[in-house]
Protein chains: 2
Amino acid sequence: MSEEKLNKFSVSEDCPVRNVLDRIGDKWSMLVLLVLNEEGVLRFNEIDKYIETISQRMLSVTLKGLESDGLIKRTVYPVIPPKVEYELTERGQSLMPHLQSLVSWAKANLNDIKASRVAFEA
Amino acid sequence: MSEEKLNKFSVSEDCPVRNVLDRIGDKWSMLVLLVLNEEGVLRFNEIDKYIETISQRMLSVTLKGLESDGLIKRTVYPVIPPKVEYELTERGQSLMPHLQSLVSWAKANLNDIKASRVAFEA
DNA sequence: CTGCATCCCGTACGATACTG
DNA sequence: CAGTATCGTACGGGATGCAG
């Protein structure tokens with residue numbers, strides 16, 4: 001185990017993996033990205049309907065986080081009643097293939113993983 | 001927005017995405033997987049050294065979680081002092097390419113994302 | 001309609017000490 | 001060496017109410 005390798009993985013504050021995963025690894029971000037990727041442009045309430053179990057508060061917080069990372073774009077139309085649309089940015093779109101690949105793996109392995117969890121309890 | 005599409009993303013208890021992401025999306029699991037993928041077989045204390053900032057407790061908890069999902073294998077040697085080795089299972093290995101692809105994206109976009117965050121504050 | 005403010009809770013996480 | 005036990009804390013996240 002060389003010093004070089006040690007440093008490669010030693011986790012400091014700036015670990016790139018953690019920096020990204022801390023964003024998309026939270027409870028809702030990835031789902032919002034997947035929905036927007038599928039549907040293109042959506043309003044606040046539309047996203048809310050797609051992700052049934054999310055609260056308004058968490059949707060708001062999640063959207064703000066994704067916007068601050070430049071993964072989604074927020075467009076406000078100055079009309080009454082207010083209308084706000086969300087869509088993926090180019091950066092957000094460039095992330096999607098990698099997420100999709102993870103989703104495929106998840107779907108393919110979900111049953112086996114569940115079985116393992118049950119077996120592990122015993 | 002058809003009913004069909006709604007159901008496709010409506011998040012229930014069994015969402016495959018969430019089921020996987022809840023495991024590898026926590027604070028340490030992905031890092032442990034990456035280290036084991038790089039080094040092959042490691043003992044408890046070796047992993048601890050690689051991931052400098054993790055506590056013994058969290059490493060223990062994380063390893064148990066990954067083992068219960070069948071992503072890593074734990075081998076105990078009945079010797080004194082005790083010796084326990086950890087390594088990726090086949091399932092764990094099959095996940096790694098997807099994680100690696102995410103890591104590459106993270107490294108490539110880290111600086112831009114950080115810049116976006118700063119700009120967003122203003 | 002969009003989304004912020006407030007209150008509250010469970011749990012993820014960390015520090016320390018201890019054991020086979 | 002490889003953990004477990006215990007205790008505290010911080011933060012994610014839900015419910016509700018209010019505002020522009």
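Every chain is numbered from 1, with letters handed out A, B, ... down the list of sequences. Just so it is clear, the structure is predicted and the values come from calculations on it, not from any experiment.
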Can you tell me the distance, in whole Å, between the [atom1] atom of [X] and the [atom2] atom of [N]?
X: A/I51; N: D/dG14; atom1: CD1; atom2: P; value: 12 Å
X: B/Q56; N: C/dT19; atom1: CD; atom2: C1'; value: 12 Å
X: A/L59; N: C/dC1; atom1: CG; atom2: C1'; value: 13 Å
X: B/K49; N: D/dC1; atom1: NZ; atom2: P; value: 7 Å
X: B/R57; N: C/dA12; atom1: CZ; atom2: P; value: 10 Å

Checking D/dG14, C/dC1, C/dC13 against the side chain of A/R43 (C-beta onward), the nearest is C/dC1
Per atom distances to the A/V84 side chain, the nearest of C/dG3, C/dG14, D/dG13 is C/dG3
Check whether any side-chain N or O of [X] sits under 4.0 Å from OP1 or OP2 of [N], and answer yes or no.
X: B/Y86; N: D/dG3; result: yes
X: A/K64; N: C/dC4; result: yes
X: B/R74; N: D/dG3; result: yes

**Message:** When you compare the side chain of A/M30 with that of A/L99, does any pair of heavy atoms fall below 4.5 Å?
**Reply:** yes
DNA chain D nearest-nucleotide lookup for B/K83 and A/D26: closer to the 5′ end is B/K83
The answer to which of A/P82 and B/S60 contacts DNA chain D further toward the 5' end, by nearest nucleotide, is B/S60
Of B/I54 and B/P81, the one whose closest nucleotide on DNA chain C sits nearer the 5' end is B/I54
Should B/D69 and A/S116 be marked as a side-chain contact (heavy atoms from CB on, under 4.5 Å) after you check the CA-CA gap, both sets of side-chain angles, and the distance that decides it? CA-CA 5 Å; B/D69 280 20; A/S116 292; 5.7 Å; no
